[in-house]
Protein chains: 2
Amino acid sequence: MYSEVMTTSERLIESTRELLWERGFTGTSPKAILQRAGVGQGSMYHHFAGKSDLALAAIRRTAQTMRATAETALSGEGGAYDRVRAYLLRERDVLRGCPVGRLTMDPDVIADPALRQPVFETLDWLRGRIAGILREGLEQGEFDAELDPDGTAAAVVATVQGGYVLARAAESPAPFDTAVHGVLALLTARTTRTPHGA
Amino acid sequence: MYSEVMTTSERLIESTRELLWERGFTGTSPKAILQRAGVGQGSMYHHFAGKSDLALAAIRRTAQTMRATAETALSGEGGAYDRVRAYLLRERDVLRGCPVGRLTMDPDVIADPALRQPVFETLDWLRGRIAGILREGLEQGEFDAELDPDGTAAAVVATVQGGYVLARAAESPAPFDTAVHGVLALLTARTTRTPHGA
DNA sequence: GTCTATATGATGATAGAC
DNA sequence: GTCTATCATCATATAGAC
């Protein structure tokens, strides 16, 4: 199921990452993890203390991956508007939802400080990163002075996270795309130049 | 635990509503439902076909309640901007999240058309209702002509849903409030008059 | 390191007494 | 209608062979 050169530990982490994305922490059993990884029960308890410990390794890696993906869009070409636009419009497997954000609906994740921390840090970093870009644009005169960088950044991130909710409810990516274009169009009203795609 | 005059069936639905909100469908066991309702196992299987059937009754009622609450804010005093603002800023138990939206992260809910339907219908109605209000405001000249009612409505609903995600990750209502004020401030840029709270 | 028992409690549902 | 068995299966973890 995984590359031949992948270690047992790696296979366990990868299968856990997939299952956490699909079914969350509560909905993922050690048995399901082992079957997908193609290893026996003993291997899991040799490499990890238990389900939570393995989940922590998986969540940390997923958080790191998400951060890298977002950074690619946010550090791309163009001004502040263009980079936020690139983040909002980047390709996504919308119906799968956000592998980090979905964990916030898992009470067992939120109740465990160790599991919650990478989730919080990732979303908090994302908000701060976008706010910083918007502040930059503000200083460059790209937006009018009324733009609130923190509020706008939070709205942008929330629109993406909530867009997943709407899309999964509808079993269609359409509401996600509508929401993301909607928030982008609102941001356009705060730009001083005619932005790309407006 | 519940009112003396509440029927057994009512007690079961209410305890299921609470548990679905707190722990989702996968995370809620019949046993937990029965204990909270204070009834025996036989009663549940007498009144309902099983866990899914009871969850369906609970979800339908929660969906109806959410719709009524939203409608109260959206049909209040003032123009389109004021009513959308009232919806966004209404009091919420932010850290509990949305009892309807959280179900979209439950794979067993999304996989069952009967359970998914009320979730979809509620969020779809909300988007349509807000879009209609914005179109009204557009016709009244309350917004400039560039405002996209459908995109803005989707962004508003998504911001609320995503705001819950950010708040739960942070274990603080602050990011929710920031996001909601952020999207409202963006909407302000599309108004033709000086709106309330701008 | 990895595997296969084995153990204990939870899950989701049924049977049948009252 | 409601209750208490009872049931097969699953969840999570441990023990110990190889």
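Protein chains get the first letters and strands the later ones, always in sequence-line order, with residue 1 at the start of each. Model, not experiment: these values are computed from the prediction.
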(message) Suppose we screen for side chain to side chain contact (heavy atoms under 4.5 Å, CB included). Which residues come up paired with B/Ala57, at least two apart in sequence or across chains?
(response) B/Ile13, B/Phe48
(request) Taking side chain to side chain contact (heavy atoms under 4.5 Å, CB included) as the test, write out the residues that go with A/Arg116, two or more places apart. (result) A/Ile110, A/Phe120, B/Glu171
(request) Would you kindly check if the NZ (Lys) or CZ (Arg) of B/Arg102 is within the cone defined by 45 degrees around the ring axis of B/Trp21 and under 6.0 Å from the six-membered ring centre? (result) no
(request) List the protein contact pattern of nucleotides 2-18 of chain C with one symbol per nucleotide (5' to 3'): B for base contact, S for sugar-phosphate-only contact, - for none; contact means a heavy-atom distance under 4.0 Å. (result) BBB------SSBB----
(message) Rounded to whole Å, how long is the line connecting atom CG of A/Leu12 with atom C1' of C/dG1?
(response) 12 Å
(message) With rounding to the nearest 0.5 angstrom, report the OG1 to CZ distance, A/Thr122 to A/Arg127.
(response) 12.5 Å
(request) Answer yes or no: does atom CZ of A/Arg60 have more than 12 heavy-atom neighbours from other residues, nucleotides or ligands under 6.0 Å? (result) no
